[in-house]
2 protein chains.
Amino acid sequence: MLKITRKVEYALIALRHMQEKEKDELTNAKEIAEQYAMPVELLAKTLQHLAREKIVEAVQGPHGGYRIKKCLEDINMKDFFEKMEGPLGIMDCYFDSDCTLLPMCNIRTPIQRINESMRSMFENMSVGEITQ
Amino acid sequence: MLKITRKVEYALIALRHMQEKEKDELTNAKEIAEQYAMPVELLAKTLQHLAREKIVEAVQGPHGGYRIKKCLEDINMKDFFEKMEGPLGIMDCYFDSDCTLLPMCNIRTPIQRINESMRSMFENMSVGEITQ
DNA sequence: TTAACCCCGATCAATTTAATCGTAAATAGT
DNA sequence: ACTATTTACGATTAAATTGATCGGGGTTAA
Ligand code: FES
Ligand code: FES
């Protein structure tokens, strides 16, 4: 309950790893995967996802790799989570079709409040802050 | 990602339902399950769990049922979540054996910060606030 | 003594998450 | 041009978590 996924974890670790390098220096998936004992393929996919989101830039071919593209201070964690995993809410009903599951639900309003608190907490936190 | 479980949802709905009744009035599992279209057995289990935690009181036998026991304003959501689902953290490594999974993890400290934020957010929120 | 409740562990099913696989496509070095 | 190294990406399989059901108990009012 209330856990983040491996994909997000791998993404953050990779970003931090890249951030510790020179600007423009490339890092390939294998290097990161080895260093942090992650399954290469899954990390690769994660990096590809980050590239699609324009957070990192990919360079193909031998000696290729990834480098950070966007300023990480400018991305907040809520957006980051949503880019990586889709809508952020403690219950699915927060989004699609207003609580269809429990038609008589009596905790709708308070649940929305919790959702807002959580979202705004992550909104006030930048990715850069996490990866330093 | 970052979702609460049905068990917690059912518990909150049940508590709110009970709170709308007279103090000391009993509600049985069947009544709640029917009203909110929940599987009786799962809700029953949830109520039993609440009883074990002394949040509600169970009365056995015919015309038995449950009633709220503890003042809900006095339980914070962090404790409530932990009573219902165990340790609360966005990553397992927050608890048992410091991040054994990724020995070289480079985001330990920031992850702890996020955990603390989340925990304190839920600590400053009472169950009563949610169930009104 | 029976019917209407609660109690609880064990099991099974469904969903979600994690990991792997297979096949491109790009490109630097030769 | 060929080859080795790298990213790209959908499809599939495996594992873990969550949700639901089952089967056997207790308790007690009527
Ligand atoms: S079903 Fe959406 S808050 Fe209850
Ligand atoms: S493994 Fe615990 S924060 Fe990274």
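Side chains included, hydrogens not; waters and symmetry mates left out as well; all remaining heavy atoms used. By convention in this document, chain letters (A, B, ...) are assigned in the order of the sequence lines, proteins followed by strands, and residues within each chain are numbered from 1.
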**Student:** Tell me whether R16(B) is salt-bridged to E20(B), with the criterion being a basic N under 4.0 Å from an acidic carboxylate O.
**Tutor:** yes
**Student:** In whole angstrom, what separates M38(B)'s CE from dA20(D)'s C1'?
**Tutor:** 14 Å
**Student:** Answer yes or no: side-chain N or O of K45(B) and base N or O of dT21(D) forming a donor-acceptor pair under 3.5 Å.
**Tutor:** yes
**Student:** Tell me: CD of Q60(B) to C1' of dG25(D), nearest whole Å?
**Tutor:** 11 Å
**Student:** Nearest-Å distance, NE2 (H49(B)) to C1' (dG19(D))?
**Tutor:** 16 Å
**Student:** Within the side chain of D79(B), is there an N or O that forms a donor-acceptor pair under 3.5 Å with the backbone of E123(B)?
**Tutor:** no
**Student:** Pick base, sugar-phosphate or nothing for A29(B), based on heavy-atom distances below 4.0 Å to the nucleic acid.
**Tutor:** sugar-phosphate
**Student:** Could you tell me how far apart E57(B) (CD) and dT27(D) (P) are, to the nearest whole angstrom?
**Tutor:** 17 Å
**Student:** If only side-chain N and O atoms of Y66(B) are considered, is one of them under 4.0 Å from the OP1 or OP2 phosphate oxygen of dC7(C)?
**Tutor:** yes
**Student:** Separation of L42(A) atom CG from dC9(D) atom C1', in whole Å?
**Tutor:** 14 Å
**Student:** At less than 4.0 Å, is any side-chain N or O atom of R52(B) found next to OP1 or OP2 of dC8(C)? Yes or no.
**Tutor:** yes
**Student:** Where do E82(A) and R119(A) land on the salt bridge (Lys or Arg N to Asp or Glu O under 4.0 Å) test, with the steps shown first?
**Tutor:** CA-CA 10 Å; E82(A) 295 206 319; R119(A) 291 165 67 83; 3.0 Å; yes
**Student:** Phosphate oxygens OP1/OP2 of dT17(C): is one of them under 4.0 Å from a side-chain N or O of Y10(A)?
**Tutor:** no
**Student:** Between the axis at one end of the helix from dT1(C)-dA30(D) to dT30(C)-dA1(D) and the axis at the other (five pairs apiece), what's the angle to 10 degrees?
**Tutor:** 0°
**Student:** Would you mind reading off the distance between D92(B) atom CG and dA16(D) atom P, rounded to a whole angstrom?
**Tutor:** 12 Å
**Student:** In terms of the nearest nucleotide of DNA chain D, which residue is placed more toward the 5' end: E85(B) or P62(B)?
**Tutor:** E85(B)
**Student:** Less than 4.0 Å between a side-chain N and a carboxylate O, is that true for E57(B) and K70(B)?
**Tutor:** no
**Student:** Evaluate H49(B) against K83(B) for side chain to side chain donor-acceptor pair (under 3.5 Å), listing each step before the verdict.
**Tutor:** CA-CA 9 Å; H49(B) 193 153; K83(B) 276 186 207 300; over 6 Å; no
**Student:** Please confirm whether the backbone N or O of E129(B) pairs with a side-chain atom of S126(B), one donor and one acceptor, at under 3.5 Å?
**Tutor:** yes
**Student:** Without decimals, in angstroms, what is the distance between K7(B) NZ and dT18(D) P?
**Tutor:** 11 Å
**Student:** Go through dA29(D), dT18(D), dT20(C) for me and flag the one nearest to the M1(A) side chain.
**Tutor:** dT18(D)
**Student:** Would you say Y10(B) and L47(B) make side-chain contact, with heavy atoms under 4.5 Å?
**Tutor:** no
**Student:** Would you mind telling me which of dT7(D), dG19(D), dT20(C) lies closest to the side-chain atoms of Q48(A)?
**Tutor:** dT7(D)
**Student:** Could you give the CG-to-C1' distance, from L26(A) to dA26(C), as a whole number of Å?
**Tutor:** 14 Å
**Student:** For K30(B) and E41(B), find the nucleotide of DNA chain C closest to each by heavy atoms; which residue's nucleotide sits nearer the 5' end?
**Tutor:** K30(B)
